[in-house]
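Inspection log for the structure reproduced underneath, given as structure tokens.
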Number of protein chains: 2
Amino acid sequence: MSERVVPEPRRRRRRPTKQGVVLSQELIIDTALRLIEQHGAEALTVRRLGAALGADPSAVYRYFHSTDDLLLAIADELIGLAQADWRATGDWRADLRAIGLRIHSAYLAHPQAAVLAAHRTTGRTHETAAVEAILSVLRTAGFPDQEAVRIYHAFVDQSLGFAALDAAALALPAAAATADLRVWQSSYARLDATTHPHIAATAHLLTADMRSSGYPYALDLLIDAAGARLAALR
Amino acid sequence: MSERVVPEPRRRRRRPTKQGVVLSQELIIDTALRLIEQHGAEALTVRRLGAALGADPSAVYRYFHSTDDLLLAIADELIGLAQADWRATGDWRADLRAIGLRIHSAYLAHPQAAVLAAHRTTGRTHETAAVEAILSVLRTAGFPDQEAVRIYHAFVDQSLGFAALDAAALALPAAAATADLRVWQSSYARLDATTHPHIAATAHLLTADMRSSGYPYALDLLIDAAGARLAALR
DNA sequence: CAGGCTATGTCAACGGCGTTGACGGATGAC
DNA sequence: GTCATCCGTCAACGCCGTTGACATAGCCTG
């Protein structure tokens, strides 16, 4: 992997495309997100991106070294969208919960980007701002530095992990998703209550919750546990 | 997506490959895992798998409908490896912790498979056994059904989410990983303490923990929170 | 206005990918 | 021995990311 920061931001000579479009990093990122949103996760390829832009696919490489670079840029865009207009309320539980839910939903809006970007580090401004905001909430609430950093890590990784998982499920072709659901139900139906008593006893609850994400509940658990540790410190 | 269960398990006529290998589902799965382990995540392609098997790539399609089917089979294999030799101890905290750590490390051993398989449902025996084991631990501990199912979902998704995230990080080419790390450090070094006071105050702690997974800590938080809810019920 | 420089869009090509359909040699049944 | 069938092989299709050579538009200098 070579350097990031590809073509030096100072770009003055812009030649319009054969089809009359003037390219830019911003336009490419927006078009990529639109492509994902409209035509599904797997529609994001350089060739289709070029077609959607009205430009030759290889023109993208004047703005990003590779698709990996493009994805990092998209990732930072998503973080920015998640944090837009957010303000701390002073209630650290509510703040943490709000940040988590925003990250989760921002990533879910663009599943493929989430899956590929969740574990990367962009080092760009939106990401740094988000880190600062989370640490601010925790340290202002009174967590000692060591504990704040641990909780920060657990919180971020949990949020991104759930987002990646849920996004991956969303990114599945509809046929595969319903096939998976049918596999669950038929495998439950076939189970013997004597060999799998606990599944049999809770089958109705298990399948009922299958569609929705477990993230909000897990987030509450994390916040509760953190609150307990904070109380114990006093 | 078409039906699973591809070529009917009763297969009697096996012709050896040009290179003298006798194929089977099991051999293909094992070879695929070996390929991932030895040559990295992106080495698993049908063509390289064929080469590693000593067979024509298209021969794989006699045993699996597609690479997706193959991945589901690999996923169930991983779950089986994670649960091998596990026995409940009667201490639900210890049991839950042990199951979580086993899932996490089994998936980390095969990052690419984890990333692709974590969100899928195989409906095979290993998966069902794992679900039964987890539910058994929770219900035996005294959690009411509704609560047990909720914690089950949070627990499984958290484990798989972290596993997918950590696996994705492991699956990165070494160059990209160190590049990400350098980006972190240099972005911290450049930060102004007046604009990002909380990052500046904890920078030494943040970078120190960067390499290790936050999963064990998050797992403890979840178990603590679950314990608190159990205590509140009594 | 002329000429050149260079940024940037275009083109053609490379090698790799998953997947498919036709082919035919080996295998087991009788 | 004959025959049907399984299953490994081959060749091909249409995608993919990426690259290097080329051409041309826009700006700068004079």
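Letters go in sequence order (proteins before strands), and every chain restarts at 1.
Residue contacts shown for B:Ala59 include a base, since a base heavy atom lies under 4.0 Å away.
Distance, A:Leu23 CG to D:dG26 P: 13 Å, rounded to whole Å. The interatomic distance linking A:Gln25 (CD) with C:dG9 (P) rounds to 12 Å, in whole Å. Rounded to a whole Å, the CG atom of B:Leu71 is 13 Å from the C1' atom of C:dG18. Rounded to whole angstrom, the span from the CD atom of A:Gln19 across to the C1' atom of C:dT10 amounts to 12 Å.
Looking only at side-chain heavy atoms (C-beta outward), A:Val149 and A:Leu138 stay at 4.5 Å or farther from each other. Taking 4.5 Å as the limit, some side-chain heavy atom of B:Gln83 sits within range of a side-chain heavy atom of B:Ile99. Contact of the B:Leu35 side chain with the B:Thr45 side chain is not registered, since no non-hydrogen atoms from C-beta on lie closer than 4.5 Å.
Between A:Lys18 and C:dC11, a side-chain N or O to OP1/OP2 separation shorter than 4.0 Å is present.
When each of A:Tyr215, A:Phe155, A:Tyr107 is tested with A:Phe162 by the rule ring pair (Phe, Tyr, Trp, His ring centres under 6.0 Å), just one qualifies, namely A:Tyr215.
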List the protein contact pattern of nucleotides 12-21 of chain D with one symbol per nucleotide (5' to 3'): B for base contact, S for sugar-phosphate-only contact, - for none; contact means a heavy-atom distance under 4.0 Å.
B---BBBB-B
Applying side-chain hydrogen bond (donor to acceptor under 3.5 Å, both in side chains) to B:Asp56 and B:Ser58, what does each step give before you reach the verdict?
CA-CA 5 Å; B:Asp56 189 271; B:Ser58 62; 2.6 Å; yes
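Listed by chain and residue number, A:Asp220 satisfy the salt bridge (Lys or Arg N to Asp or Glu O under 4.0 Å) test with A:Arg97 (two or more places apart in sequence, or in another chain).
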